[in-house]
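The block underneath contains the structure these notes are about, expressed in structure tokens.
As the structure lists them, so they are numbered: ligands from 1, and atoms in each ligand from 1.
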Amino acid sequence: MTAPVIGVLALQGSFADHHAALESCGATAVTVRRISELESVDGLVIPGGESTTIARLLRVFELAAPLRERIASGLPVYGTCAGMILLADRVTDNTAPRTVGGMDVLVRRNAFGRQTESFEADLQVAGIADDAHGGPLRAVFIRAPLIEQCGPAVNVLARVRLADGSNPVVAAQQGHLLATSFHPEITGELRLHQHFVGMCSSGR
Ligand code: GLN
């Protein structure tokens, strides 16, 4: 079987580390900035960064509508942090830009407050990084969003326990769409990328 070709949306944000992580998992990683590049990939990563900027550049580069169409026809997409916001059908912040959408979730941007704007936690990610799959992973949250509500088709993969006793959702999958609040690409953690490469390989 040939390796899937996975695009990394490279308009703004932390795209280089995703490129390396995908290659380490056996995929062929390519940069996506144009429609022709988007058309040629078997999957796409939307990296962290600033969701308002990425959303604006998606429109400037005329990628927003083609990306929505490819998602509607089943393209696997993995959104980390700002990428999670862009995959959400709904965002609590009504000044947020129009997202690409596709996942039946309500997301809150910059959800962890000032003191904990950036923090780390060990997370159990169901079926990917739990006791049966190499133990929990170290998750890095950087001005991260969280998922406040999930529709019935959404599978919750991980929650983080916070000091106030709440337990919000920080990783989820809905069919061909995967989203995490945190950044696995910056810790050398490969299990989520491995899982996503599998999602991109199964439909081929
Ligand atoms: N706070 C950013 C946003 O709202 C996301 C931060 C990140 O991707 N690390 O887009």
*Identify, with sequence neighbours excluded, every residue that meets salt bridge (charged side-chain N to carboxylate O under 4.0 Å, His left out) alongside Arg59.*
none
*With no hydrogens and no angle check, do the side chains of Glu185 and Ser14 hold a donor and an acceptor under 3.5 Å apart?*
yes
*With backbone taken as N, CA, C and O and side chain as the heavy atoms from C-beta onward, which portion of Ile85 lies under 4.0 Å from ligand 1: side chain, backbone, both, or neither?*
side chain
*asked:* If the cut-off is 4.0 Å to any non-hydrogen atom of Ser51, which atoms of ligand 1 fall inside it?
replied: 3 (C), 4 (O), 10 (O)
_Salt-bridge criterion met for Glu120 and Arg138 (N-O under 4.0 Å)_ = yes
_Minimum non-hydrogen distance to atom 4 (O) of ligand 1, winning option of Arg109, Met84, Gln12_ = Arg109
*Would you indicate which of Ala82, Gly79, Gly49 comes nearest to atom 6 (C) of ligand 1 when only heavy atoms are counted?*
Gly49
_List ligand 1 atoms under 4.0 Å from Cys81, heavy atoms only on the residue side._
5 (C), 6 (C), 7 (C), 8 (O), 9 (N)
*Which part of Glu50 is near ligand 1, with near meaning a heavy atom under 4.0 Å away: side chain, backbone, both or neither?*
both
_Below the 3.5 angstrom mark, is there an N/O of Thr80, backbone or side chain, next to an N/O of ligand 1?_
no
*Any donor and acceptor pair, going by atom type alone, linking the side chain of Arg108 with main-chain N or O of Leu146 inside 3.5 Å?*
no
_Shortest non-hydrogen contact from Leu22 toward Ala29_ = CB-CB, 4.1 Å
_Closer than 4.0 Å to some heavy atom of Asn110 - which atoms of ligand 1 meet that?_
1 (N), 2 (C), 4 (O)
*asked:* Quick check on side-chain contact (heavy atoms from CB on, under 4.5 Å): which of Val100, Val41, Leu87, Leu178 does Val77 satisfy it with?
replied: Leu87
*Please say whether Gly48 places an N or O atom under 3.5 Å from an N or O atom belonging to ligand 1.*
no
*Kindly state each residue pair satisfying ring-ring contact (aromatic ring centres under 6.0 Å, His included) with at least one member in residues 56-77, sequence neighbours excluded.*
none
